[in-house]
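Contents: one structure, followed by commentary.
By convention here, the first residue in the shown sequence is residue 1. Being a predicted model, the structure only gives us computed values, none of them experimental.
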Amino acid sequence: HLFLFALLLLSAALLSTPYHAQILEIPEAWAGIWDLDTIERECGIPVIIDQYSDLDTLCTGEILDVGDEGGFVPECLGTITDTRIDMVCGFSVEAIPGCDVTFSYTLDLTRDGDSVSGTGITEIIYEGICFVENECYEEEISGTRIAPEPEDCTNVAAPAASWGALKARF
């Protein structure tokens with residue numbers, strides 16, 4: 001089903017309807033190198049479908065980059081404070097004539113010193129004649145800051161699968 005979803009998104013690259021954009025900057029309190037663990041499940045089903053660890057570097061003042069999914073750049077609404085990240089990112093697209101797809105990712109993280117925990121929810125809603133079922137995935141995220149912000153953050157990139165880049169995992 002994920003392959004079909006990717007094909008639907010790629011076929012509709014020029015028809016994207018963005019959410020309202022908002023610039024979300026990383027505050028100094030979140031800066032550093034984080035070792036993050038994520039457990040992924042289908043919404044409402046307790047069986048683990050994926051589990052992974054990532055290192056992610058966050059730099060003071062950088063824009064929280066949501067990356068792109070299949071040529072689309074989701075846009076975000078939310079807030080980042082010294083102790084919380086609460087945001088929703090998404091886009092809508094007519095994937096094929098008669099089939100509209102809405103992608104959204106909700107992130108709710110709490111930082112306590114050098115520890116972080118929270119959840120992420122990915123929802124893919126198909127409307128019309130799409131031939132696929134809606135999808136929903138829940139992530140349990142926990143981690144520890146293992147190093148301070150690098151002195152030179154200009155050439156530091158977050159790994160492609162990190163929560164800092166918010167690359168939705170399908």
Side-chain angles (χ1 to χ4, degrees), residues 1-6 8-9 19-20 22-60 62-70 72-92 101-126 132-150 153 156-170:
H1 66 284
L2 298 177
F3 178 72
L4 179 58
F5 175 71
L8 288 172
L9 290 180
Y19 280 26
H20 302 281
Q22 182 177 2
I23 295 174
L24 300 170
E25 289 187 16
I26 302 296
E28 184 177 356
W30 286 90
I33 300 171
W34 293 85
D35 184 5
L36 301 166
D37 297 312
T38 302
I39 297 171
E40 186 175 348
R41 298 176 174 89
E42 286 189 49
C43 293
I45 299 174
V47 177
I48 295 173
I49 59 173
D50 198 4
Q51 188 169 356
Y52 53 94
S53 296
D54 289 308
L55 290 179
D56 193 6
T57 301
L58 297 178
C59 299
T60 302
E62 82 177 344
I63 305 302
L64 190 60
D65 180 9
V66 297
D68 70 67
E69 291 298 326
F72 299 97
V73 179
E75 296 188 10
C76 301
L77 292 171
T79 58
I80 300 177
T81 68
D82 284 351
T83 58
R84 302 227 6 140
I85 296 178
D86 291 303
M87 59 189 293
V88 62
C89 300
F91 63 87
S92 297
V101 180
T102 300
F103 164 87
S104 69
Y105 182 77
T106 303
L107 184 64
D108 181 11
L109 296 176
T110 301
R111 186 190 63 77
D112 184 8
D114 289 335
S115 297
V116 65
S117 62
T119 59
I121 298 176
T122 300
E123 293 183 281
I124 306 164
I125 308 297
Y126 302 92
V132 288
E133 294 184 22
N134 293 341
E135 301 175 57
C136 182
Y137 304 97
E138 300 172 338
E139 296 173 327
E140 247 178 75
I141 303 164
S142 62
T144 304
R145 183 175 11 216
I146 59 172
E149 178 176 14
C153 259
V156 178
S162 69
W163 66 265
L166 290 182
K167 300 298 285 185
R169 295 180 57 93
F170 295 102

- Message: Closer than 3.5 angstrom, by distance alone: can the side chain of N134 be matched with the main-chain N or O of Y126 as a donor-acceptor pair?
- Response: yes
- Query: So, R41 side chain and P46 main chain: donor-acceptor pair closer than 3.5 Å or not?
  - Reply: yes
- Query: Are side-chain heavy atoms of I63 and E25 found at a separation under 4.5 Å?
  - Reply: yes
- Item | Heavy-atom closest pair, residues G44 and E138 | N-OE2, 3.6 Å
- Query: Which atom pair, heavy atoms only, marks the closest approach of W30 to T110?
  - Reply: CH2-C, 4.3 Å
- All heavy atoms of A147 vs all of R145, minimum pair found to be O-CG, 3.3 Å
- Note on the structure: Separation between CD (E123) and CD (E135), nearest 0.5 Å, reads 11.0 Å
- Message: To check you understand the geometry: which heavy-atom pair defines the closest contact between S104 and V88, and what is its length?
- Response: CB-CG2, 4.4 Å
- Does some side-chain heavy atom of C136 sit less than 4.5 Å from a side-chain heavy atom of I121? yes
- Task: Would you check if I85 and L24 make a side-chain contact, meaning some heavy-atom pair closer than 4.5 Å?
- Result: no
- Is a side-chain donor-acceptor pair under 3.5 Å present for S53 with D37? yes
- Message: Would you compute the distance between atom CD1 of I125 and atom OG1 of T102 and round it to the nearest 0.5 angstrom?
- Response: 7.5 Å
- Item | Criterion side-chain contact (heavy atoms from CB on, under 4.5 Å) against P27, the qualifying member of T81, L58, I80 | I80
- Is there a donor in the side chain of S117 and an acceptor in the side chain of S142, or the other way round, less than 3.5 Å apart? no
- Donor on one side chain, acceptor on other, R111 and T83, under 3.5 Å: no
- Task: Specify the closest pair of heavy atoms between A31 and I26, including all atoms of both residues, with the distance to one decimal.
- Result: N-CG2, 4.4 Å
- Item | Note, T122 side chain near F103 side chain (heavy atom, < 4.5 Å) | yes
- Task: Side-chain contact test, heavy atoms from C-beta onward, threshold under 4.5 Å: evaluate it for Y52 versus E139 and give yes or no.
- Result: yes
- Task: Measure the shortest side-chain to side-chain distance between E42 and Y137 over non-hydrogen atoms and say whether it is less than 4.5 angstrom.
- Result: yes
- Query: Do L107 and I141 have side-chain heavy atoms sitting under 4.5 Å apart?
  - Reply: yes
